[in-house]
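Beneath this line is the structure, given in structure tokens, with notes to follow.
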Number of protein chains: 2
Amino acid sequence: MSRERVTVIDIANAAGVSKSTVSLVLQGSSLVNKTTRAKVNAAMRELGYVYNRGAANLRQANAKSKIVGMVVNDLTNSFFAELAVGIDSVMQSAGYVQFLANTGENIDRQREVIASMREHGISGLIISPARGTEAADFAALANAGIPVVMAVRNVPGARVSSLTSDNHAGAAASVAHLAKLGHRRIAFLGGFPDTAVFTERFMGYRDALIDAGLDFDADLAIGAAPSRAGGVEAIERAMRLAVPPTAAVCFNDAVAFGVCDGLRSRKIEPGAEFAVVGFDDVIEAKTAVPALTTVSVDPQGMGRRTAQLLLKQINSGAAEPEALVKSVRLVVRQSCGTGIQGGVR
Amino acid sequence: MSRERVTVIDIANAAGVSKSTVSLVLQGSSLVNKTTRAKVNAAMRELGYVYNRGAANLRQANAKSKIVGMVVNDLTNSFFAELAVGIDSVMQSAGYVQFLANTGENIDRQREVIASMREHGISGLIISPARGTEAADFAALANAGIPVVMAVRNVPGARVSSLTSDNHAGAAASVAHLAKLGHRRIAFLGGFPDTAVFTERFMGYRDALIDAGLDFDADLAIGAAPSRAGGVEAIERAMRLAVPPTAAVCFNDAVAFGVCDGLRSRKIEPGAEFAVVGFDDVIEAKTAVPALTTVSVDPQGMGRRTAQLLLKQINSGAAEPEALVKSVRLVVRQSCGTGIQGGVR
DNA sequence: CTGTTAGCGCATTCAA
DNA sequence: TTGAATGCGCTAACAG
């Protein structure tokens, strides 16, 4: 039954009052009589009235729409899924609804969805930009006074807020941790030097080596796919060196898993005989490999902070002040869980 | 610079035409002169005009809003994240934008977000309902002629479309597979009998045993948490039986991992000496354990089909016909990947 | 406390 | 081919 839309005027008639009285009731105004209010509410319930935010928003001069956009480069990556959940959590509490779009690193799609979201009246945007995103992609938004905050990834020239994790510090902390355990040959395994994230982590590793009074040996930095297979490959190459490492900082946890696989196939027990540290990118909180030290970023917490930052910008009206926030919770810990919590469908 | 909103009238003035001419250009009408069209387009570009879909939609009598809602019980579970990506993919292609909300199994939140989405004018809803969802939760939507399709989970009494996977057939296929390999003592490990999914899989297991001419032995059905730890626990109990099993159907892949862990700690090689089959719920496509047979549901494909179903319902106008679709791709395969693809931030 | 009037940005008649 | 008028559902002034 595609019922006709029930409008304020319908319920006004039903309640025997005028539209504006109904409007006042809707806004919870105290200027309306209790009994009148009750009658109006009753009518709304009976007729199945639903508030039309689109119309309301249209009327207000330059109101904020209680809608935000959220575009993610890869929701398939559970890091971003967790990020989305964190964002969603605070947005819901703040009475917002969010558009979600997955770009899959496709920049044309990204442009389309941003344009589409604008037409739909978002009052803010959180974006983890696809590779190749340019500062110009945010010009229109910024120009229209719509706050944008970038999460996880950053686009150099863009004059918008951003919230990224401190990759440099994380890698440095990992090295310091291993150095303190007595390791002197520490490898950096996995990843390709074509991303900002890689560069940051690698530089952190490099700088920390020097800080710890250790030499930087280029042979110990072995690039490989940021996957489990890549980790296997990298550790194989590493162990074939004349003087193999005794510990490794891995580009991410997938690589770290692969490194553990490779070590085990050589009858070396990871953790005990060979120390492995990995960034919690892929599997993060849900999984933990015993005796594997991880650098954790808490994607949900990052999402919440991102959302809060956007809300602040929206409310402050002046979206001008582009706060370039950096760093989030990032701890080196010894994990000991049994891994892979049971998600249930 | 919180610029004033640029409206059709602004660009009409700039182009030296009337508002309705602009409107015609916006709709790509062929009733407008080429040069005029060019002038209008130029003006739009210069002034940075953005189409206001809210207003446009308000004007039309009972237009469909090109917005759909999507509420998920747990986006943290990568099965649902993949599902969301599949849905997003076809919705984007169809020119829709989608609201996303994560309920975290909280039914009050679910009611709130559904109400909120209605107020924002969704023209359809895809929902993987939180536990405890009642048929009545969809009454308002259905009454307003807004199509709803449930994904993955089903709510018995609800008169809305749904798309669920064929759990019974999957479990049965697993048993048949193991029986053909010569196994006669096949266990069902993990999960708790408080969910429909468990019941369906368990019944599939049970029915298939009988079909294969094997006895159903209640001792071989061992409940445990649907997690890796649960899998360890279940296989421990199973192997302590007087006549232990030689193969197992696991409630999900997390359990299967745990079972493999448990077997290895007993120096039994999973796959070779003991056959393990698990549903791909948690880690699905991204991970694969060598020599572990999995029953795969392809969440993205399921998402795409779900979205298509919703679009069909939206376009058919009459949302009445609640098609109770069932079953999606579900194959028994021998996986052999290295597992955990490298997601990159 | 409640009703009247006007208009948000747009699309759709109807004339010109 | 284009301009003038009308209304979608709602809020914002004012009057009463």
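A, B, ... follow the sequence lines: proteins, then strands. Residue 1 opens every chain.
Here D/dC8 is the nucleotide among D/dT1, D/dC8, C/dT4 with the atom lying nearest to any side-chain atom of B/Leu58. Distance from the side chain of A/Arg5 is smallest to D/dG9 among D/dT1, D/dG9, C/dA11. Closest contact between the side chain of B/Ser18 and the listed nucleotides D/dG9, D/dT2, C/dA11 involves D/dT2. When distances are taken from the side chain of B/Asn52 to each of C/dT4, C/dC10, C/dT2, the shortest belongs to C/dC10. Considering only side-chain atoms of B/Ser20, the nucleotide from C/dG9, D/dA12, D/dG3 that sits closest is D/dG3. The listed nucleotides are D/dG3, D/dA12, C/dT2; the one nearest the side chain of A/Val32 is C/dT2. Checked against C/dG9, C/dA11, C/dT4, the side chain of B/Ser23 finds its nearest nucleotide in C/dA11. Closest to the side chain of B/Ala55, out of D/dT1, C/dG3, C/dC10, is C/dC10.
Comparing A/Thr36 and B/Thr7 along DNA chain C, the residue whose closest nucleotide (by nearest heavy atom) sits nearer the 5' end is A/Thr36. Along DNA chain D, the nucleotide nearest B/Gly16 and the nucleotide nearest A/Ala56 are compared for position; the residue whose nucleotide lies closer to the 5' end is B/Gly16.
Atoms CG (B/Leu24) and C1' (C/dT12) sit 10 Å apart, rounded to a whole Å. In this structure, the CG atom of B/Leu26 is 14 Å from the C1' atom of C/dT12, given to the nearest Å. One interatomic measurement links the two molecules: NZ of A/Lys39 to P of C/dC1, which rounds to 14 Å at whole-angstrom precision. As a whole-Å value, the separation of B/Ile9 CD1 from D/dA5 P is 12 Å. Atom CZ in B/Arg53 sits about 20 Å away from atom P in D/dG9, given to the nearest Å. Atom CD of B/Gln27 and atom P of D/dT2 are 15 Å apart (whole Å). At whole-Å resolution of the value, NZ in B/Lys19 and P in D/dT6 are 12 Å apart. Distance B/Asn57 CG to C/dT12 C1': 15 Å, rounded to the nearest Å.
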Check your understanding: Dot-bracket for DNA chain C: what is it, with Watson-Crick or G-U pairs under 3.5 Å, [ ] where a pair crosses earlier ones, and | for a pair to another strand?
Key -> ||||.|||||||||||
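Side-chain polar atoms of A/Ser161 and A/Gln313 form a donor-acceptor pair below 3.5 angstrom. Side chain to side chain, B/Asn73 and B/Ser128 meet the donor-acceptor criterion of an N or O pair below 3.5 Å. In summary, the side chains of B/Ser20 and B/Ser18 do present a donor paired with an acceptor at a separation below 3.5 Å, with no hydrogens or angles considered. With no hydrogens or angles considered, a side-chain donor-acceptor pair links B/Asp88 and B/Gln98 at under 3.5 Å.
Pairing each heavy atom of A/Val72 with each of A/Leu75, the nearest pair is CG1-N, 3.8 Å. The nearest pair of heavy atoms linking A/Pro147 to A/Leu310 is O-CD1, 3.7 Å.
Note on B/Glu105 versus B/Arg153: salt bridge recorded, some NZ/NE/NH1/NH2 to OD/OE distance being below 4.0 Å.
The P atoms of D/dG9 and C/dT2 are separated by 25 Å, rounded to the nearest whole Å. C/dT5 and D/dT6 are spaced 16 Å apart, taking the P atom of each and rounding to whole Å.
Under the 3.5 Å distance criterion, the side-chain polar atoms of B/Asn315 are matched with a main-chain donor or acceptor of B/Leu311.
Applying the 3.5 Å distance criterion, the base of C/dG3 shares no donor-acceptor pair with the side chain of A/Thr21.
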